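Below: one structure, written as structure tokens.
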Amino acid sequence: MEELLELYGTMGISQGVYAYGEKALEKLKDRFAEIDKIAEHNQAKVIAAMQKNRVSATCFAATTGYGYDDIGRDNLEKVYADVFHTEAALVRPQITCGTHALTVALSANLLPGDELLSPVGLPYDTLQEVIGIRQSPCSLAEYGVTYNQVDLLQDGSFDYDGIRKAINSKTKMVTIQRSKGYATRPSFSVKQIGELIAFVKSVKPDIICMVDNCYGEFVETIEPSDVGADMVVGSLIKNPGGGLAPIGGYICGTKACVDRCAYRLSAPGLGQEVGANLGLMPALYQGFFLAPTVVAGAEKGAIFAANLYEPLGFKCVPNATESRHDIIQAVELGCEEGMIAFCRGIQAAAPVDSFATPLPWDMPGYNDKVIMAAGAFVQGSSIELSADGPIRPPYAVYFQGGLTWCHAKLGILMSLQKMVDAGLVTL
Ligand SMILES: *Cc1c(COP(=O)(O)O)cnc(C)c1O
């Protein structure tokens, strides 16, 4: 204990900040135990899928070139399909990021004249250019796919009347974003998503329901594909990559939808048959294996952050006590200086690039300046401890990740330390 305090002291964490953190932690024992239960369930789910598909060292072999008959790649897709309880899965290092995976899912299943509906308000920043909400070359809008949107009601619930009115003969697909992204609305539980999907299908049964599952994987024991989603889509440098996947994205869903995604990703006629694994299979398998416990650690970090900052007067979404549906914690710091201090703390606690100083900058795909703190083994990985946010009111940082709970804890304590050092809070 004394030695840990001394060690933390040399890293810049004062006894006051440490003690404040310990006090917050005392109240979190039961919640942390619940998270461990969910992790245990999901761990078993992943292991069962790996056993069923007879994962062996053969699956870890590298392939190059076309990648025909790539056993490791094909088997990993079966493992994903079994965990998500879907007919098919496309899990590829050739999918460069979450936005790319979502773009493939959308553009593969929407044709000119079709309409896309978001019944949960404005989609994630980078998707706005994909859809054409903000003009961009090669957007869906440019290809003649129209877009319609129904905002959430004041209390964050679904506007069922508005959704019913918005669905028309052209509505081909609905996109549901599970996580809040860069908004301060609540994230949805899988159960809520299931209710929304059931409603949409009751109005028009053949609508394809796609869920942007980014940051939501393994937070609950069920996934949106368990409650009627036709496609669930996400990034491997977030939850399901477990911190080990160096690149990639996934699309799990019906065979009809996933087949089209494969044709869009590679080429019509080729589909899932091509795409060498380039030696990445060990990382993709092992990352998926680790993901349930990594997500649990990240979630503990998010809850710890809310319980540290909320009593100090900063609005937290989700708040200190409410249930969680993703690993993101928004903390409204109220000013640019607060965002900078918070991010400096996260950066200073990192194993990689701890000496760097995060600054707000213009990023492709984002409308406002963005500040990002990340000292990650995989660049840009946000399942690793990271904090970011657009510089705009209410000056919220979106904090997420942490490959281990201990690192998440250190990072959050360090963020608070930087806030204290900058005179922005007094404990
Ligand atoms: C991160 C994220 C994306 C985009 O993923 P990238 O890998 O950054 O392209 C899309 N939707 C949501 C909700 C996200 O959190």
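Fair warning: this is a prediction, and the values are worked out from it, not measured in the lab. Read the numbers this way: they start at 1 and go in the same order the structure lists the ligands and their atoms.
Evaluated for a side chain to side chain contact (heavy atoms under 4.5 Å, CB included) with Phe60, the options Leu280, Ile71, Val55, Leu284 yield exactly one hit, Val55.
Both tests pass for Lys238 against the ring of Tyr124: distance under 6.0 Å to the centre and angle within 45° of the axis.
In this structure, Glu87 places its CD atom where more than 12 heavy-atom neighbours from other residues, nucleotides or ligands lie under 6.0 Å away. In this structure, Asp206 places its CG atom where more than 12 heavy-atom neighbours from other residues, nucleotides or ligands lie under 6.0 Å away. Around the NZ atom of Lys191, the shell of radius 6.0 Å holds no more than 12 heavy atoms that belong to other residues, nucleotides or ligands.
Nearest protein neighbour of atom 7 (O) of ligand 1, counting heavy atoms only, is Gly98 N, 2.8 Å. The protein heavy-atom contact nearest to atom 13 (C) of ligand 1 is Asp212 OD2, 3.4 Å. The closest protein non-hydrogen atom to atom 9 (O) of ligand 1 is Thr99 OG1, 2.5 Å.
Near Tyr215, with a cut-off below 4.0 Å to any heavy atom, the atoms of ligand 1 are 15 (O). Residue Gln177 has at least one heavy-atom neighbour below 4.0 Å for each of these atoms of ligand 1: 13 (C).
In Leu102, the part holding a heavy atom less than 4.0 Å from any atom of ligand 1 is the side chain. Residue-level proximity to ligand 1 for Arg178 is absent, since no heavy atom of it falls below 4.0 angstrom.
Residue-ligand proximity: Lys238 is placed with a non-hydrogen atom under 4.0 Å from ligand 1.
Contact annotation: the side chain of Val130 approaches that of Leu106 to within less than 4.5 Å [non-hydrogen atoms, C-beta and beyond].
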